[in-house]
There are 2 protein chains.
Amino acid sequence: MLSQTAEYALRAAVRLAELHPEGPIRVDDIAADLRVPRNYLSKILHSLVKAGVCASTRGPHGGFQLVRPPDQIRLVEVVGEFDPALVSSERACLLGREACSDEDPCAAHERWGGVRQRVTSFFEETTLDLLVRGGAALPAGN
Amino acid sequence: MLSQTAEYALRAAVRLAELHPEGPIRVDDIAADLRVPRNYLSKILHSLVKAGVCASTRGPHGGFQLVRPPDQIRLVEVVGEFDPALVSSERACLLGREACSDEDPCAAHERWGGVRQRVTSFFEETTLDLLVRGGAALPAGN
DNA sequence: CGTATTTATCATATAGACATGAGAAACACA
DNA sequence: TGTGTTTCTCATGTCTATATGATAAATACG
């Protein structure tokens with residue numbers, strides 16, 4: 001469901017969350033842990049910096065670290081940077097934007113809208129913290 | 001959320017359902033209605049034939065038609081041919097197959113599994129008929 | 001049988017996702 | 001200031017999704 005890139009980003013973010021609040025973590029280390037191409041991950045992490053999720057430090061003892069504690073970073077912040085359509089709350093119709101709209105809804109509009117809403121809410125309400133430590137901090141949702 | 005191809009397929013299937021049980025409908029007509037590339041749609045419809053959703057007839061008065069009434073064709077049959085991962089009931093973890101498993105689940109396994117289940121169920125329980133005619137034949141689900 | 005009609009198939013083109021590699025820029029530290 | 005470390009950036013390559021165009025095969029009908 002996630003693109004490869006978004007999945008890499010999420011796994012890297014989880015790794016950063018696990019190690020938070022230790023000092024910067026090198027791309028090399030994360031890439032080795034996750035078995036993800038080093039240079040590719042480097043670009044992805046840089047995107048997360050631009051997205052305001054983590055910060056980077058260059059030079060010796062450099063690397064990446066989260067800018068906020070994991071319980072204050074929502075998955076939408078990570079995933080939305082790479083799969084914007086997936087987490088957007090705009091209710092795209094199943095049959096595409098032109099085929100129907102909220103004004104002139106297709107027959108499955110409401111049913112599909114409900115499913116979409118579940119997906120969107122998951123990414124908006126789930127924090128990195130939950131992926132790392134688990135727990136039932138949020139309403140069950142299923 | 002659907003790939004372009006799966007969306008074309010679904011829209012074409014809905015069009016066929018609207019016209020069911022009239023005789024074969026030409027690709028040209030469907031493509032014009034849906035504003036979808038003709039030859040591309042031709043290939044997609046051919047895939048639907050292989051998937052057992054519709055049948056094709058060549059030559060004059062030829063075209064495509066559903067092999068069953070729309071209330072007996074589930075969306076999974078149409079979409080699954082093009083986006084198999086989306087409709088698969090295999091519970092892929094959010095973080096990827098290697099990162100966690102049902103045996104050694106990540107902390108969000110259950111939460112994400114529930115969301116995935118909603119999506120899967122939608123495609124398995126919704127029929128083409130519902131997209132065309134609407135109605136509340138199935139349990140609300142949201 | 002011949003011809004027009006329509007799908008089936010093949011070859012090719014284009015764009016974006018995914019990935020690799022090299023070198024530039026920033027930084028710590030002696 | 002010099003050197004090694006690490007991120008940043010650019011150029012390039014590969015693969016798949018998306019699409020286009022031409023030709024082959026099947027069919028209806030006069």
Side-chain angles (χ1 to χ4, degrees), chain A residues 1-13 15-16 19 22-51 53-67 79-86 96, chain B residues 1-13 15-16 19 22-51 53-67 79-86 96:
Chain A
M1 199 130 140
L2 294 186
S3 68
Q4 187 68 264
T5 306
E7 189 188 302
Y8 288 165
L10 194 51
R11 284 163 63 191
R15 194 84 188 95
L16 290 179
L19 299 173
E22 290 180 26
I25 318 293
R26 284 187 300 249
V27 171
D28 270 336
D29 293 342
I30 304 175
D33 287 350
L34 271 53
R35 291 179 199 173
V36 162
R38 186 205 171 285
N39 281 346
Y40 197 50
L41 184 59
S42 176
K43 280 206 297 195
I44 292 170
L45 283 167
H46 183 59
S47 293
L48 288 183
V49 171
K50 286 187 292 188
V53 169
C54 60
S56 63
T57 317
R58 296 209 267 203
H61 313 123
F64 293 87
Q65 57 191 326
L66 299 180
V67 293
V79 172
E81 193 70 12
F82 306 97
D83 290 0
L86 181 62
Chain B
M1 198 133 139
L2 295 184
S3 67
Q4 187 69 263
T5 306
E7 187 187 305
Y8 287 167
L10 194 53
R11 284 164 63 190
R15 194 84 188 95
L16 290 179
L19 299 173
E22 289 179 29
I25 317 294
R26 283 187 302 247
V27 170
D28 270 336
D29 292 342
I30 304 175
D33 287 350
L34 271 52
R35 290 180 200 171
V36 161
R38 187 208 169 284
N39 281 347
Y40 196 50
L41 184 59
S42 176
K43 280 206 296 191
I44 292 170
L45 283 166
H46 183 59
S47 294
L48 289 183
V49 171
K50 286 187 291 186
V53 169
C54 61
S56 64
T57 317
R58 297 208 266 203
H61 312 123
F64 294 86
Q65 57 191 325
L66 298 180
V67 294
V79 172
E81 193 69 13
F82 307 97
D83 290 359
L86 182 62

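Sequence lines set the chain letters: A, B, ... in the order given, protein chains first and strands last, and positions in each chain run from 1.
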Handout entry: Nearest-nucleotide 5' precedence on DNA chain C, A:H61 against A:R58
Key =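 Closest to the 5' end, via its nearest nucleotide, is A:R58.
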
Practice task
Estimate the overall bend of the helix from C:dC1-D:dG30 to C:dA30-D:dT1 from the end axes over five pairs each, rounded to 10 degrees.
Solution key: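 End-to-end axis angle for the helix from C:dC1-D:dG30 to C:dA30-D:dT1: 0°, rounded to 10°.
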
Could you give the distance from [atom1] ([X]) to [atom2] ([Y]), rounded to the nearest 0.5 Å?
X	Y	atom1	atom2	result
B:F82	B:L10	CZ	CG	10.0 Å
A:K43	A:T5	NZ	OG1	9.5 Å
A:M1	B:D83	CE	CG	11.0 Å

Please enumerate all protein N or O atoms sitting under 3.5 Å from an N or O of nucleotides 13-16 of chain C, with distances to 0.1 Å.
none

When the distance from [atom1] of [X] to [atom2] of [N] is rounded to whole Å, what number comes out?
X	N	atom1	atom2	answer
A:D28	C:dG21	CG	C1'	14 Å
B:N39	C:dT12	CG	P	16 Å
A:E81	C:dA17	CD	P	13 Å
A:F82	C:dC18	CZ	P	10 Å
B:K43	C:dC10	NZ	P	11 Å
B:D83	D:dA17	CG	C1'	11 Å
A:I25	D:dT5	CD1	C1'	16 Å
A:Q4	D:dA17	CD	C1'	16 Å

Fill in the blank from the handout: With the side chain defined as heavy atoms from C-beta on, B:P37 is closest, among D:dA19, D:dC8, D:dT18, to D:dA19

Problem - B:F64 side chain, from C-beta outward: closest of C:dC18, D:dC8, C:dA8 - result: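 It is C:dA8.
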
Does [X] make a side-chain N or O approach to OP1 or OP2 of [N] shorter than 4.0 Å?
X	N	result
B:H46	C:dA8	yes
A:R38	D:dT7	yes
B:T5	D:dT18	yes
A:S56	D:dC8	yes

Could you go through residues 23-34 of chain A and list every donor-acceptor pair under 3.5 Å that involves a side-chain atom there, pairing it with any protein atom two or more places apart or in another chain?
| unit_1 | atom_1 | unit_2 | atom_2 | d |
| --- | --- | --- | --- | --- |
| A:R26 | NH2 | A:D29 | OD2 | 3.3 |
| A:D28 | OD1 | A:R38 | NE | 2.7 |
| A:D33 | OD2 | A:R15 | NE | 2.7 |
| A:D33 | OD2 | A:R15 | NH2 | 3.0 |

Tell me the closest heavy-atom pair linking [X] and [Y], and the distance in Å.
X	Y	result
A:L41	A:A12	CD1-CB, 3.9 Å
B:V79	B:A6	CG1-CB, 4.5 Å
A:F64	A:L16	O-CD2, 3.5 Å
A:Q65	A:C54	O-CB, 3.0 Å

Exercise for the section: Look at all strands and tell whether A:Y8 reaches a base, only sugar-phosphate, or nothing, counting heavy atoms closer than 4.0 Å. Expected result: sugar-phosphate

Practice task
Side-chain contact test, heavy atoms from C-beta onward, threshold under 4.5 Å: evaluate it for A:I44 versus A:V36 and give yes or no.
Solution key: no

Problem - Non-hydrogen side-chain atoms of A:V53 and A:V67 separated by less than 4.5 Å - result: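 Side chain of A:V53 against side chain of A:V67, heavy atoms only: no contact under 4.5 Å found.
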
Handout entry: Whichever of A:T57 and B:P60 has its nearest DNA chain D nucleotide further upstream toward 5'
Key = A:T57

